[in-house]
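Source: prediction; values computed, not measured. For ligands, and for the atoms within them, numbers begin at 1 and follow the listed sequence.
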Amino acid sequence: MPSPVQSVLYVRLPVWKIYPGGVIYVADFIHKERPAIRQEILDLALVPLRQRQAALRTRIQDMKPDVVAFSWRNMQTFGPHPENDALDVVMNFDHSPHPLRRLKAAWNAIGIIWDYAAARLRNFAYLRLARRLAPNARLVVGGTAVSIFGRYVAAKCPANTVVVVGEGEEAMLSIVDGFTAPAGHYYYKDHTGAIDHHPADENFDLRRLTAVDFTYIDRIFPGFRDYLGETIGVHTKRGCPFQCHFCLYNKIEGAHQRFRAPAEVAKEVESLNKEWGVKSIWFTDAQFCSTLRSTHHVEAILDEMLARKTSVRWTGYLRLNHLTADIARKMLASGLGSVDLSFTGSQDIVDSLTLGYDLDQQMEAFKLFKEAGHSDQKIKLYMPLNAPGETPATLLATIDRIKELYRMFGRDNVMPFIFFIGVQPNTPIEKRLLSEGYLKQGYDPLTLNPFTIKKLLYNPKPLGRLIARAYLEALERHDPYSEYIGRATMEILEQRLRQPTVHLAWTTA
Ligand code: B12
Ligand code: SF4
């Protein structure tokens, strides 16, 4: 009979500093279910690189935990956008008309790939260090990176490790209960190194996720207060029933939407706001409001927040399918800080990416925000530019819609993000690009080959070059502090697209 677990050390593997919501929900849940277990959270994102090994060593040696549970958020981080240097590098490398800039970009790309590879190698080294220092402890690894690349992590992790795919609450509970009746979706690498795979659907009942007890979290997590001035992630539901071509959130969280109790979500926001001084919240759902049911759920949360008079700015990924004038008003009244959403101005692209909404209806929904009293909230448009099926005509349609939004909200409030589809494993777009021969069968999504990495950022010629050059020109012409680079890029792109030669080149290509 395995001895019951008395102590768990959670180790959040390093990322660019961001609130470690996932591991906090898991630790809070375990505490509520098994209050006698001693838990601690060590967040390596808060420890300087050179001190991380020592910090891990000290915590393991002092605490002697029965379980060391790692949380791994990012592994494949190439999703360059205008707030990220990698976009300049990719654009220059492939499309700069200046050979010297292409060379410089190649050099910078080596640096980025090196950082990317080194981060992964270091994370596996932390796992091995834990195994050496605590040979009898159970190791666990979970988190979104593992949810996508579970098989890969299982192959590389030390023996006697449970690799938890997807949500962690049930799996972790079964682990602290001795792992005699394992739960959840996981890989188990036993002491001989053999790997067992136990698939399972995401089915944790989210009504069991009551408002986080932050007083407890503050006690077990010395870094907690470091995040309070930043944006804190709050979860309201899991799952997404849509099938957008480029997205795997529905695979990470499951296709079936499950909801937390609105009062518990609002209580969590209230506690963060009134007891801990938090001013900024990101609702970390795959989509904050998407289906009709989830829109009702959102409304109930907003009602609860308004009743509690919370004073926060909040955002999250939004779809506007079922927005009503009333909900738009409640969103603004409860502190909506920005509208973040996928955007293309062409119904053909909406349909070819199976985004599952009607563009005219989306534009009507924007008007509801305007009429409900929009003031300075930014409209952030994540545009899957140059997706399969994109033509000069669809791009121009997108530009026209953006201009409509400028007129509606004021140019300065609309931020078109220069964004491309990142091809992710097991998505419909990956299947399509494999069948079309754009990607080679058996390619490695975690490759360090810069040419494959580049291909995973889908921006093929000829439009790819046109967009990239517009972006590079915008960078050259504009001071980023006086003009937003996405707006400048779209303007230059429009000028180029309206030149008759482009249409001619396109139609004769
Ligand atoms: C919201 C979100 C954001 C927001 C975060 C806002 C905020 N302040 O929190 C924003 C927009 C800022 C963002 C940015 C980025 N993100 Co993001 N983001 C998400 C999203 C949608 C939800 C993440 C989340 O917080 N979920 C809620 C929490 C509660 O769940 P969780 O962390 O997954 O934890 C659960 C499980 O993973 C598990 N678990 C977690 N830890 C542990 C530990 C153990 C021991 C166990 C057993 C289980 C376990 O249990 C938890 C509870 O069930 C995911 C996609 C998704 N649907 O998951 C992408 C995702 C995490 N992001 C991703 C990426 C790449 C990024 C960026 C690098 C994008 C970019 N190019 O800039 C940046 C990096 C930010 C950073 N500093 O690290 C990737 C990471 C995986 C990968 N591909 O490498 C994801 C999976 C999306 C994707 N396309 O692949 N992101
Ligand atoms: S893009 Fe949004 S709506 Fe579409 S599948 Fe992903 S999470 Fe769901």
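A cation-pi contact, defined as under 6.0 Å to the ring centre and within 45° of the axis, is absent between Arg238 and Phe259.
Ion pair Arg258/Glu253 not flagged as a salt bridge, since none of the NZ, NE, NH1 or NH2 atoms sits closer than 4.0 Å to an Asp/Glu carboxylate oxygen.
Under a 4.0 Å criterion applied to the non-hydrogen atoms of Thr231, ligand 1 contributes the atoms 8 (N). Each of the following atoms of ligand 1 lies closer than 4.0 Å to a heavy atom of Phe70: 43 (C), 44 (C), 45 (C). Interface of Val164 with ligand 1, defined as ligand atoms under 4.0 Å from a residue heavy atom, comprises 47 (C).
Contacts with ligand 1 closer than 4.0 Å are made by side-chain heavy atoms of Ile148 only, the backbone lying farther away. In Glu230, neither the side chain nor the backbone holds a heavy atom less than 4.0 Å from any atom of ligand 1.
For a distance bound of 2.8 Å, the N, O or S atoms of Gln287 include one lying that close to atom 2 (Fe) of ligand 2. Not one N/O/S atom of Cys247, from backbone or side chain, sits under 2.8 Å from atom 8 (Fe) of ligand 2.
Between the CD atom in Gln287 and the SG atom in Cys240 there is a gap of 6.0 Å [rounded to 0.5 Å].
The shortest N/O to N/O separation between Arg238 and ligand 1 falls below 3.5 Å. Annotation: Tyr10 places no N or O atom under 3.5 Å from an N or O atom of ligand 1; distance criterion only. Annotation: Trp16 places an N or O atom under 3.5 Å from an N or O atom of ligand 1; distance criterion only. Inclusion of Tyr19 in the set of residues having an N or O under 3.5 Å from an N or O of ligand 1 is not warranted. Residue-to-ligand polar distances keep Val26 apart from ligand 1: every N/O pair is separated by 3.5 Å or more. Close N/O approach between Gln424 and ligand 1 is found [any backbone or side-chain N/O within under 3.5 Å]. For ligand 1, the polar-atom distance check against Trp282 finds no nitrogen or oxygen pair separated by under 3.5 Å.
Under 3.5 Å, the side chains of Tyr249 and Asp285 contain no donor-acceptor pair of N or O atoms. A donor and an acceptor atom, one from each side chain of Asp43 and Tyr10, are nowhere located under 3.5 Å apart.
The heavy atom nearest to atom 38 (C) of ligand 1, out of those in Gly22, Gly142, Gly166, is found in Gly166. Here the shortest heavy-atom distance to atom 40 (C) of ligand 1, taken over Cys247, Gly239, Gly143, belongs to Gly143. Distances from atom 20 (C) of ligand 1 to the heavy atoms of Thr315, Ile18, Thr284 put Thr284 nearest. Counting only non-hydrogen atoms, the option in Gly168, Ala145, Gly422 that gets closest to atom 50 (O) of ligand 1 is Gly168.
A donor-acceptor contact shorter than 3.5 Å is absent between the side chain of Lys189 and the backbone of Ile195.
Annotation for Lys156: atom NZ does not count as buried by contact number, only 12 or fewer foreign heavy atoms lying within 6.0 Å.
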